[in-house]
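Below is one structure, written out as structure tokens; comments come after it.
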2 protein chains.
Amino acid sequence: MPSSLKAHTECTATHTPTLKAACSQCGLKELCLPVGLNQSEIERLDNLVGDRRKLRRGEHLYRTEDHFEAIYAIKTGFFKTDLLTEDGRDQVTGFQMTGDLLGLDGISADKHSCNAVALEDSEVCPIPFANLEHFASEIRSLQSHFHRLMSREIVRDQGVMMLLGKMRAEERLAAFLLNLSQRFNSRGFSPAEFHLRMTRDEIGSYLGMKLETVSRCFSRFQDEGLISVQQKHIRLLDIPRLKALMSR
Amino acid sequence: MPSSLKAHTECTATHTPTLKAACSQCGLKELCLPVGLNQSEIERLDNLVGDRRKLRRGEHLYRTEDHFEAIYAIKTGFFKTDLLTEDGRDQVTGFQMTGDLLGLDGISADKHSCNAVALEDSEVCPIPFANLEHFASEIRSLQSHFHRLMSREIVRDQGVMMLLGKMRAEERLAAFLLNLSQRFNSRGFSPAEFHLRMTRDEIGSYLGMKLETVSRCFSRFQDEGLISVQQKHIRLLDIPRLKALMSR
DNA sequence: GAGACCCTTTGATGTGCGTCAAAGTCGTGT
DNA sequence: ACACGACTTTGACGCACATCAAAGGGTCTC
């Protein structure tokens, strides 16, 4: 066992050879921050990324108001981000999976503006932001890709606004399922069959509806042969009709 | 009349001395992109910003699918951004005023993902994005500020999600008015009295409600002595109670 | 492996906001 | 100054979704 023997707060890790992040070895590099970098640039990126951090289900990666110092690339696992108001309402603002970046919200004010919670045991690669900016100013393709990623987040949010502002409950759920499907697909998983990591309540919070309404919509979709639901296991049986559902 | 004699599509400009943008002379530099730059850096930024562009009310600054090449700083005026779906629904995703940046959505895919429309005669300073990235990689404070601006947009969008997902009609409108108030205030205008540049329909679209509901809420607020409404002229009479309204 | 708890489903009922409709007002262009 | 069109207001009514309630199932813990 070579380097990086630092003690970590881990209970379950049995024989992880090393915790050092290694973008150059990572299967996600076509999905994550290194997109568009050449081999030597990726190796330089390796030195920038901190030791991987493991989280158990339910653990917070960061909380609102936490000091911002790094963004996080999800190595494995599944997260949600949410906001909490003084009067106790909370709004899930997104679900993030393998290869997604977390923490971009923190840049604007040097502190996080939402909570990030692992919905299953997960592992993230922290990227100290000061280092990233330094590095980005040297490697143009990294800078450019990073800007695209931030912009993509803005575009994604526009889509959520459309969803929350203009769609009916069934359309929202259909859009949600199709979005997950497409994201699983681009990560090499089945686009037609997947496991939901979040509860009905969390789906509802994200989609601006109550958990009972989510449940009823699932049931109705199932009755109509659009999907099959078994707890958190979802199969999309008729993707074209699900898509059609969204434009009326 | 010195330089920049290029023909422009202007009908009304009578004696504009020059159309060249000049951040160094601009009263907005504490609000806009030059925040945090020193004098010599601002002067370099001047060379980067293109000739100012004037738009009449109703004109599009850019449209969905337009090729992305520049972001725009609003010199004067007022804009909305909106999305349009195939089936004709449209969602206003934001209102932008003096000093705000437009076009960040375009970075992610080299084309714009929404429409930007002037709600009154306006003037913008185009900032060619390739130049901006180049410049940002040289001037760290510019790079850093630009990242903050993008992140601020993400945080703003989170707030809109909360609004659309969790608030009732009255809360949404109160939040909307207070947001405008605060933004006018930070631009040196009265926080208690202002002119709405958008229609009830556009407000409704942004807030995820129908124009009739917007109108009714305005009337109710007025009846309760919270605001005074005269068409598009709004006076906030009881800001504390408007704020209180949002947490129940 | 048993119990507790959380999550989900389904039904009955209520309501906030949407829809439809019509009248009124303002701003704009001729 | 007039007339048209766009925007706004207000009322009556309906519906999609929320709320309240209760039972059933899954899963995690000890």
Side-chain angles (χ1 to χ4, degrees), chain A residues 11-12 56-59 80 88-92 117-121 163-174 176 195-224 227-234 245-246 248, chain B residues 11-12 56-59 80 88-92 117 119-121 163-174 176 195-224 227-234 245 248:
Chain A
C11 330
T12 46
R56 311 292 300 270
R57 180 149 80 97
E59 255 188 276
K80 70 169 179 184
R89 285 180 281 197
D90 93 331
Q91 169 75 30
V92 172
V117 186
L119 295 183
E120 63 181 20
D121 293 356
L163 193 121
L164 292 172
K166 290 287 172 303
M167 294 186 180
R168 297 172 315 102
E170 287 195 356
E171 297 177 299
R172 294 181 196 188
L173 192 60
F176 171 72
H195 188 82
L196 298 176
R197 271 73 171 181
M198 70 294 282
T199 66
R200 304 290 190 260
D201 196 25
E202 287 163 335
I203 297 172
S205 175
Y206 180 61
L207 298 178
M209 48 207 256
K210 294 287 138 174
L211 69 98
E212 294 94 329
T213 307
V214 174
S215 177
R216 275 185 246 272
C217 281
F218 271 133
S219 301
R220 204 171 321 135
F221 283 177
Q222 180 156 246
D223 292 347
E224 290 169 5
I227 66 175
S228 107
V229 187
Q230 265 173 129
Q231 298 301 123
K232 305 206 151 157
H233 188 83
I234 302 286
L245 203 152
M246 291 185 52
R248 189 315 51 139
Chain B
C11 330
T12 47
R56 310 293 301 271
R57 182 150 78 96
E59 254 187 277
K80 70 168 178 184
R89 286 180 280 197
D90 94 331
Q91 169 76 29
V92 172
V117 186
L119 295 183
E120 63 181 19
D121 293 358
L163 194 122
L164 291 172
K166 290 289 170 305
M167 295 187 180
R168 296 171 315 101
E170 288 195 356
E171 298 177 300
R172 293 181 198 190
L173 192 61
F176 172 72
H195 189 81
L196 297 175
R197 272 73 172 183
M198 70 295 281
T199 67
R200 303 288 190 261
D201 196 25
E202 286 163 336
I203 296 172
S205 176
Y206 180 61
L207 298 179
M209 49 208 255
K210 293 287 138 173
L211 68 98
E212 295 94 329
T213 307
V214 174
S215 177
R216 276 185 247 269
C217 282
F218 271 133
S219 301
R220 206 171 319 136
F221 283 178
Q222 180 156 246
D223 293 347
E224 291 170 5
I227 65 175
S228 109
V229 186
Q230 265 173 131
Q231 296 303 124
K232 304 203 151 158
H233 187 84
I234 302 286
L245 202 153
R248 166 28 316 197

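Values below: every heavy atom of this structure, side chains too, minus hydrogens, waters and symmetry copies.
- A donor-acceptor pair is defined here as one N or O able to donate and one able to accept, closer than 3.5 Å; no such pair exists between the side chain of A:Arg200 and the backbone of A:Leu211.
- The closest donor-acceptor contact from the side chain of B:Gln222 to the backbone of B:Val229 lies under 3.5 Å.
- Taking atom CD on B:Glu202 and atom P on D:dC7, their separation rounds to 8 Å, with Å as the unit.
- Here the P atom of nucleotide D:dT8 and the CE atom of B:Met198 are 11 Å apart, to the nearest Å.
- Panel note: side chain B:Ser205, backbone B:Asp90; a donor-acceptor pair is recorded below 3.5 Å.
- Between B:Leu164 and B:Arg172 the shortest side-chain heavy-atom distance falls below 4.5 Å.
- Among residues two or more places apart in sequence or in another chain, the side chain to side chain contact (heavy atoms under 4.5 Å, CB included) test is passed with A:Glu170 by A:Cys217, A:Arg220, A:Phe221, A:Leu245.
- Separating the CD atom of B:Gln230 from the C1' atom of D:dT9 is a distance of 15 Å, rounded to the nearest angstrom.
- Look at CD on B:Gln231: it is 15 Å from C1' on C:dT28, rounded to the nearest Å.
- The nearest whole Å value for the distance from the CG atom in B:Leu207 to the P atom in C:dG16 is 19 Å.
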Check your understanding: Where along nucleotides 10-21 of chain D does protein come under 4.0 Å, by heavy atom, of base (B) or sugar-phosphate alone (S), with - for untouched nucleotides?
Key -> BBB----SSBB-
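- Nucleotide C:dT8 holds its C1' atom 11 Å from the CD1 atom of A:Ile203, rounded to whole Å.
- Distance NZ (A:Lys232) to P (C:dC7): 7 Å, rounded to an integer number of Å.
- Between A:Val214 and A:Met209 the shortest side-chain heavy-atom distance falls below 4.5 Å.
- For A:Arg200 and C:dT10, the CZ to P distance is 10 Å, given to the nearest whole Å.
- Comparing B:Arg57 and A:Asp201, the nucleotide of DNA chain C nearest to each residue sits closer to the 5' end for A:Asp201.
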